[in-house]
**Q** 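The following block contains the structure, expressed as structure tokens.
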Amino acid sequence: QVQLVESGGGLVQAGGSLRLSCAASGRTFTRYAVGWFRQAPGKEREFVAALDWLRTLYADSVKGRFTISRDNAKNTADLQMNSLKTEDTAVYFCAAGTVVGSRPAAYDYWGQGTQVSVSS
């Protein structure tokens, strides 16, 4: 199994930046694709970004502002968020799976989430 823990969330003013980190433990992290999702109150969980060994994927709403990366030596995956907007406010989850995708069902392991709040 893989255990995932997110960190780096907080309150930031619109236009600011945050860097989220996902720390993995358990089975070899290099075997898994990584995805980031977010969920705002009253809304469905939505895709943000994903990365495997060959490609990266981004939701249209975050292209050009967010960057996903991973450090296999440290067993971490990061989401750099720039030019934050109030609509980015949500709980952000990292996930790991065997196949990269934009659907939550593609992922087998999930972190507990970290809150990101963007004020105007």
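Numbers for residues simply follow the sequence, beginning at 1.
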**Q** Output yes when a side-chain donor or acceptor of Glu6 lies under 3.5 Å from a complementary backbone atom of Gly113, and no otherwise.
**A** yes
**Q** Quick one: does any side-chain atom of Asp52 pair with a main-chain N or O of Leu54 as donor and acceptor, under 3.5 Å?
**A** yes
**Q** To the nearest 0.5 Å, tell me how far Leu4 CG sits from Ser21 OG.
**A** 12.5 Å
**Q** Find the distance between CZ (Arg65) and CG (Asn82) and round it off to the nearest 0.5 Å.
**A**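 Reported to 0.5 Å precision, the distance equals 9.0 Å.
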**Q** Looking only at non-hydrogen atoms, find the nearest pair between Gln115 and Val91 and report the distance.
**A**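 So the minimum-distance heavy-atom pair works out to OE1-CG2, 3.2 Å.
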**Q** Measuring from Leu20:CG to Tyr92:OH, what's the distance to the nearest 0.5 Å?
**A** 7.5 Å
**Q** If you count every heavy atom of other residues, nucleotides or ligands that lies below 6.0 Å from Glu87 atom CD, does the total exceed 12?
**A** yes
**Q** Which atoms form the tightest heavy-atom contact between Leu18 and Gly8, and what is the distance?
**A** CD2-O, 3.8 Å
**Q** Are any of the side-chain nitrogens in Lys63 or Asp60 under 4.0 Å away from the carboxylate oxygens of its partner?
**A**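 Salt bridge: yes.
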**Q** Has the side chain of Thr89 got a donor or acceptor atom that lies under 3.5 Å from a matching backbone atom of Val118?
**A** yes
**Q** How close do Ser120 and Ala14 get, heavy atom to heavy atom, and via which atoms?
**A** CA-CB, 4.4 Å
**Q** Taking atom CG of Asn75 and atom OG of Ser25, what is their separation to the nearest 0.5 Å?
**A**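 It is 8.0 Å, given to the nearest 0.5 Å.
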**Q** Could you tell me if the side chain of Arg19 sits less than 4.5 Å from the side chain of Ser7, heavy atoms only?
**A** no
**Q** Assigning hydrophobic clusters by single linkage (Ile, Leu, Val, Met, Phe, Trp, Tyr; side-chain heavy-atom cutoff under 4.5 Å), is Met81 placed with Ile68?
**A**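 Yes, Met81 connects to Ile68 through the hydrophobic network.
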**Q** Scan Thr114, Thr67, Leu51, Val48 and name whichever one has a side-chain contact (heavy atoms from CB on, under 4.5 Å) with Leu79.
**A**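 Among the candidates, only Val48 passes.
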**Q** Minimum heavy-atom separation for Tyr109 and Val2, please, with both atom names.
**A** CD2-O, 3.4 Å
**Q** side-chain hydrogen bond (donor to acceptor under 3.5 Å, both in side chains) between Asp71 and Thr76: does it pass, once the steps are laid out?
**A** CA-CA 5 Å; Asp71 187 332; Thr76 58; 5.0 Å; no
**Q** What is the minimum heavy-atom distance between Tyr107 and Gly35, and which atoms define it?
**A** CE2-N, 3.7 Å
**Q** Check whether Tyr32 and Val100 end up in the same hydrophobic cluster, where Ile, Leu, Val, Met, Phe, Trp and Tyr are linked by side-chain heavy atoms less than 4.5 Å apart.
**A** no
**Q** Linking I/L/V/M/F/W/Y whenever their side-chain heavy atoms sit closer than 4.5 Å, directly or via other members, would Val62 and Phe47 fall into one cluster?
**A**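 Looking at the clustering, Phe47 is in a separate group from Val62.
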**Q** Could Arg45 and Trp110 be counted as a cation-pi pair, given that NZ or CZ must be under 6.0 Å from the ring centre and within 45° of the axis?
**A** yes
**Q** What's the spacing between Phe93 CZ and Gln112 CD if we round to 0.5 Å?
**A** 8.5 Å
**Q** Which atoms form the tightest heavy-atom contact between Ala33 and Val99, and what is the distance?
**A**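 It is CB-C, 4.1 Å.
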**Q** Any heavy-atom pair between the side chains of Lys43 and Arg38 that's under 4.5 Å?
**A** no
**Q** Enter the distance from Ser102:OG to Phe37:CZ here, rounded to the nearest 0.5 Å.
**A**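 These two atoms lie 7.0 Å from each other.
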